[in-house]
Structure formats: C-alpha cells, structure tokens
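Since we're looking at a predicted model, the values are computed, not measured. Order of listing sets the numbers, starting from 1, for every ligand and every atom in it.
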Amino acid sequence: MITCSAPGKIYLFGEHAVVYGENAICCAVDLRTRVQVKIDETVNIESVLGKTGIDFEIHPYVSAVIERMREFIPIKGVSIKINSDIPVGSGVGSSAAVTVATIAALNTLFNCKMTLEEIAKLGHEVEVQIQGAASPTDTYVSTMGGVVLIPQKKKLKRIDCEIVIGNTNMLSSTKELVANVAKLQNSYPQIIGPVLSVIGSISKIGEELVINSDYASIGNLMNINHGLLDSVGVSSIELSSLVYAARNSGAFGAKITGAGGGGCIVAFVDRMQVDNVAYAINAAGGSSIITNATEHGIMVESN
Ligand code: MEV
C-alpha cells in the first residue's frame, strides 16, 4: 500500500488573468488530499463521492489519470482510496491535488520514475481534458508546494501570516466560469483586456511585497483584485459578503480565490485577528478554515 498526498492552494492574485498569460501568485496551503493505492484485480475508486470503477461522472480526474497512465504502464487493477481536507469544487485546488496525488501514488506503486515536473505536466493535461481550459498553475503549485509566481514558476519567500479561507458552501464550475470570462472578453475586448492586464500588474507588484513580507500592502492589493474579479462577473453576493465580513473584522485584505461563482474567499490575517475573522465569516453564513502556507508539495507519506 502506498499513500501520497498533495496540498490545496489559494491565489494571492491573478486567477482568470493567468488563463490569458498574465502573472499570478499562488500559494500552497496546509490542507491536503491523501491518495492510497494498492494492486487489485479490477479498478476500484473510493471517496466521499462514492465507490466506483473508472467513472468520468463521479471520479473524472482519477479516471482520466488511470487512462493516461495506462498509455505507459500496464495497470490492470488497482484500488484507490481518497481522503481530503480540501473542500471539493470550491476554488481551493481539490481537483489539482487529487490529480497529482493520484499520479504520484501510481508513479510510486509502479516504479515509473516520473519527475515532479513530469507529474505536474501530466496533471495539467488531465485538468485540460476534464475542464476544457485550465492553466498549469493549480497542478504545478500542488506538486511543488510553496509560493509561486506564474508563469515564470519562480518560488517566492514563504508567507508567514495566517490565512483564513471562507467557504460559501456553494459549488461552482471552473469550466463554466472560465468560459463566461472568455465570452465577456470576446464581447468587450477593449475593456476586459485591460482589466485582466491590471490584474497581472497587481501580481508583478505583489512579488516584491511577498519578498518584503508586507502583508498590509498585500491585503490592499487583494482588495483591489477582488473588485476587478467582480467586474469580470465571477463574484456573487455570498462571496462578497464573506469578503466584507473578513475585511470588517480586521483582515489585511480578502478576495475570491480560484474560479469564483461560489466556492471560497481567502483573507490574509494578523495572528491577533484570526479568531475575529473566522467568527465573522461564520456569522456571515460561510464556513471558515484557518490554515497556513506550506512549502510541501507532493509527499510520499507511506510506502
Ligand atoms: C482556478 O483555480 C483558477 C482559474 O484561473 C483557472 C485556471 O487557472 O485554470 C480560474
């Protein structure tokens, strides 16, 4: 039996804009998906979503991983059990984490000797296959851990402040949201193009702020980034209520993280204010998760 895990992620800045080649800064967080694998007679996949064989409705990412890896290893039967701290379909990178953790676990079980770069690349291909469009950000950061400037894949200094995630508990589809932004961009290229490019500029300025651990200024830029995400149509009343609850209770700043539509917000918070912010998010109808940045990407947890 092999167990591999991979972390979720939050975006400091740059989701959606990154799909158009703009800069983004993304950070792995200490919420992990664990995937246990062992040889079996047939393919069995088990998670909170149910028990299936290869099944592109219930377990699309894991099913796609098995089919892709069958192109270079003879996987006849395998039993795969998934456990996760990461809320599903909420913009915190659950699909990237389960994808790269499954690739890593099968890589170890079948001794394929894939490098981390190769795991991240295959993970990205699987996300594109299932979602239609996906930047390599989520799968890269989940594989490597740390704080990463995209598209340069440059590791930045560790984030040393509290991170509070607020979940609206409303599912959203990354595929649909990315398509909606593309529609808006096609209708109003002179307006949406500059908005996406300003989001990219926020990430560029943000790089220096991360290096200087200037969390107050990072918070200001997160607030601006949230407004710009709202302007491209990916916010909602529920997301903005959690954003304002976090800001009004002392967060440095707060914004949507991930595709938006539903899912989660992220707030950067001073240690002294964490309980206030978490309480305010819950009181505004969300579910708070207090976490931290992590340097640990894929880990082989047992062998
Ligand atoms: C989703 O976590 C982030 C998006 O930018 C899509 C992507 O980068 O693939 C919305």
Electrostatic pair K121:E118 at N-O distance under 4.0 angstrom
no
So CD1 of I281 and OG of S287: to nearest 0.5 Å the spacing works out to 9.5 Å
Rounded to the nearest 0.5 Å, the CG atom of L122 sits from the CD1 atom of I103 at a distance of 4.0 Å
Within the 4.0 Å heavy-atom cut-off, what H124 brings close to ligand 1 is neither
Can T52 and H59 be counted as having a side-chain donor-acceptor contact under 3.5 angstrom? yes
Ranked by distance from atom 4 (C) of ligand 1, the top protein heavy atom is H16 N, 3.9 Å
Per-atom filter on ligand 1: closer than 4.0 angstrom to a heavy atom of V19 are 5 (O), 6 (C), 7 (C), 8 (O)
Quick note on ligand 1: atoms under 4.0 Å from a heavy atom of A134 include exactly 9 (O)
Quiz item: Do any heavy atoms of A259 fall under 4.0 Å from ligand 1?
Solution: yes
of all protein heavy atoms, closest to atom 3 (C) of ligand 1 is Y11 OH, 3.6 Å
For atom 7 (C) of ligand 1, the closest protein heavy atom turns out to be S135 OG, 3.4 Å
Taken in chain and number order and not counting sequence neighbours, the residues that satisfy side-chain hydrogen bond (donor to acceptor under 3.5 Å, both in side chains) with S90 are none
Is there a donor in the side chain of N83 and an acceptor in the side chain of K81, or the other way round, less than 3.5 Å apart? no
* Asked: Are more than 12 heavy atoms from other residues, nucleotides or ligands located less than 6.0 Å from atom CG of D85?
  -> yes
For E15, the ligand 1 atoms with a heavy-atom partner under 4.0 Å come out as 5 (O)
In ligand 1, the atoms that come under 4.0 Å of a heavy atom of G258 are 2 (O)
In ligand 1, the atoms that come under 4.0 Å of a heavy atom of V18 are 5 (O), 8 (O)
In this structure, atom 2 (O) of ligand 1 is nearest to the protein heavy atom D138 OD2, 2.9 Å
| query | Quick one: does Q131 get a heavy atom under 4.0 Å from ligand 1? | reply | no
For E207, the salt bridge (charged side-chain N to carboxylate O under 4.0 Å, His left out) test, sequence neighbours excluded, returns K154
